[in-house]
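One structure is given below, encoded as structure tokens.
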Amino acid sequence: QVQLVESGGGSVQAGDSLRLSCAASGRTISNYAVGWFRQAPGKEREFVAVIKWSSGRTDYADSVKGRFTISRDNAKNTVYLQMNSLKPDDTADYYCAADAHGWGRKQEYEYEYWGQGTQVTVSS
């Protein structure tokens, strides 16, 4: 089993930055892919970004390309989501998820383990 705990959410103004963290425990995730998803009020959960732990390859949703950066810290078994130039449309609950197959895809069903989420609110 893998446990994921997100942190770093909060309330900010448009244009500000936040860094979310996703700390993994329970087993090593060196062959996993770890993704970030988000769910805005009244909307379905959507893919944000993913990183393949072994290669470091990343992928992003078009809506966040150039503003968000996903990275990992091997020593801390932690994945980060650096969010810059935040917009009100980025307001959502953000979830990290782990895919044991390491495929790094965008579909929710590919991910076996999920965190509880952290809330991000961006005001204009």
Side-chain angles (χ1 to χ4, degrees):
Q1 285 284 352
V2 173
Q3 291 79 44
L4 302 172
V5 178
E6 303 98 333
S7 62
S11 296
V12 297
Q13 298 286 323
D16 286 349
S17 298
L18 277 176
R19 189 178 77 159
L20 305 183
S21 300
C22 172
S25 62
R27 64 174 59 179
T28 182
I29 57 172
S30 57
N31 293 318
Y32 285 42
V34 178
W36 284 96
F37 292 78
R38 67 186 182 185
Q39 186 168 21
K43 296 187 177 181
E44 294 185 353
R45 191 154 55 184
E46 65 177 3
F47 167 80
V48 175
V50 63
I51 186 166
K52 297 183 71 171
W53 198 277
S54 57
S55 66
R57 186 182 72 83
T58 60
D59 197 6
Y60 297 90
D62 288 343
S63 60
V64 306
K65 279 181 182 176
R67 299 189 299 123
F68 290 12
T69 303
I70 189 170
S71 62
R72 69 193 189 304
D73 184 323
N74 291 336
K76 296 182 178 180
N77 228 28
T78 298
V79 170
Y80 302 100
L81 185 68
Q82 178 67 43
M83 306 186 296
N84 298 330
S85 302
L86 283 162
K87 305 174 181 179
D89 284 350
D90 295 318
T91 295
D93 291 325
Y94 283 71
Y95 300 88
C96 70
D99 159 27
H101 295 93
W103 289 326
R105 296 173 180 171
K106 300 180 180 181
Q107 292 76 23
E108 287 186 52
Y109 60 79
E110 303 284 5
Y111 294 80
E112 298 91 344
Y113 305 102
W114 291 81
Q116 294 299 307
T118 186
Q119 188 174 55
V120 173
T121 302
V122 184
S123 56
S124 56

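One-based numbering along the sequence shown. For the numbers below, each heavy atom of this structure counts, side chains included, while hydrogens, waters and symmetry mates do not. The model shown is predicted, which means the values in this text are computed figures rather than measured ones.
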### Query
What distance separates Y32 OH from H101 NE2, expressed to the nearest 0.5 Å?
9.5 Å

## Note on the structure
Closest non-hydrogen contact found for L18 with G8 is CD2-O, 3.7 Å

### Query
So, T78 side chain and K76 main chain: donor-acceptor pair closer than 3.5 Å or not?
yes

### Query
Under 4.5 Å between side-chain heavy atoms, hopping through other hydrophobics if needed: is there a path connecting L4 to V50?
no

### Query
Which salt bridge (Lys or Arg N to Asp or Glu O under 4.0 Å) pairs, counting each pair once, include a residue from residues 32-46, with sequence neighbours left out?
R38-E46, R38-D90, R45-E108

### Task
Evaluate the criterion side-chain contact (heavy atoms from CB on, under 4.5 Å) for residue pair M83 and L20; output intermediate values, then yes/no.
CA-CA 8 Å; M83 306 186 296; L20 305 183; 3.7 Å; yes

### Query
Would you call Y113 and I29 a side-chain contact if the rule is heavy atoms closer than 4.5 Å?
no

## Note on the structure
Residues pairing under ring pair (Phe, Tyr, Trp, His ring centres under 6.0 Å) where one sits in residues 43-99, two or more places apart or in two chains, turn out to be F37-F47

### Query
Crowded around E112 CD? As in, over 12 foreign heavy atoms under 6.0 Å?
yes

### Contacts of type side-chain contact (heavy atoms from CB on, under 4.5 Å), residue S124, not counting sequence neighbours
P88

### Side-chain donor or acceptor of Q116 paired with backbone N/O of V5 under 3.5 Å
no

### Query
Under the disulfide bond (SG atoms under 2.5 Å apart) rule, what pairs show up with a residue in residues 58-124, not counting sequence neighbours?
C22-C96

#### Entry: Shortest non-hydrogen contact from W36 toward S21
CH2-O, 3.6 Å

### Task
Taking salt bridge (charged side-chain N to carboxylate O under 4.0 Å, His left out) as the test, write out the residues that go with K106, two or more places apart.
D59

### Query
Which residues pass the salt bridge (charged side-chain N to carboxylate O under 4.0 Å, His left out) test with R105, sequence neighbours left out?
E110

### Message
Would a single hydrophobic cluster contain both W114 and V48, if residues Ile, Leu, Val, Met, Phe, Trp and Tyr are joined by side-chain heavy-atom contacts under 4.5 Å?
### Response
no

## Note on the structure
Correct closest heavy-atom pair for A40 and T91 would be CB-O, 3.5 Å

### Message
Please say yes or no: joined through hydrophobic side-chain contacts below 4.5 Å, possibly via intermediate residues, are V34 and Y111 part of one cluster?
### Response
no

#### Entry: By side chain to side chain donor-acceptor pair (under 3.5 Å) - contacts of Q107 (at least two apart)
none

### Summary
Those residues at least two apart in sequence (or on a different chain) that pass side chain to side chain donor-acceptor pair (under 3.5 Å) with Q3 are none

### Task
Enumerate the residue pairs fulfilling salt bridge (Lys or Arg N to Asp or Glu O under 4.0 Å) with a member in residues 15-37, sequence neighbours excluded, ordered by first and then second residue.
none

#### Entry: Qualifying residues under side chain to side chain donor-acceptor pair (under 3.5 Å), relative to Q39, sequence neighbours excluded
none

### Task
Hey, could you give me the CG/OG1 distance between D93 and T118, rounded to the nearest 0.5 Å?
8.0 Å

### Task
Using the rule that two of Ile, Leu, Val, Met, Phe, Trp, Tyr join whenever any of their side-chain heavy atoms come within less than 4.5 Å, decide whether V64 and V79 are in one cluster.
yes

### Task
Using the test salt bridge (charged side-chain N to carboxylate O under 4.0 Å, His left out), find all partners of D62 that sit at least two apart in sequence or belong to another chain.
K65

### Task
List in chain and number order the residues that pass side chain to side chain donor-acceptor pair (under 3.5 Å) with S17, two or more places apart in sequence or in another chain; answer none if no residue qualifies.
N84

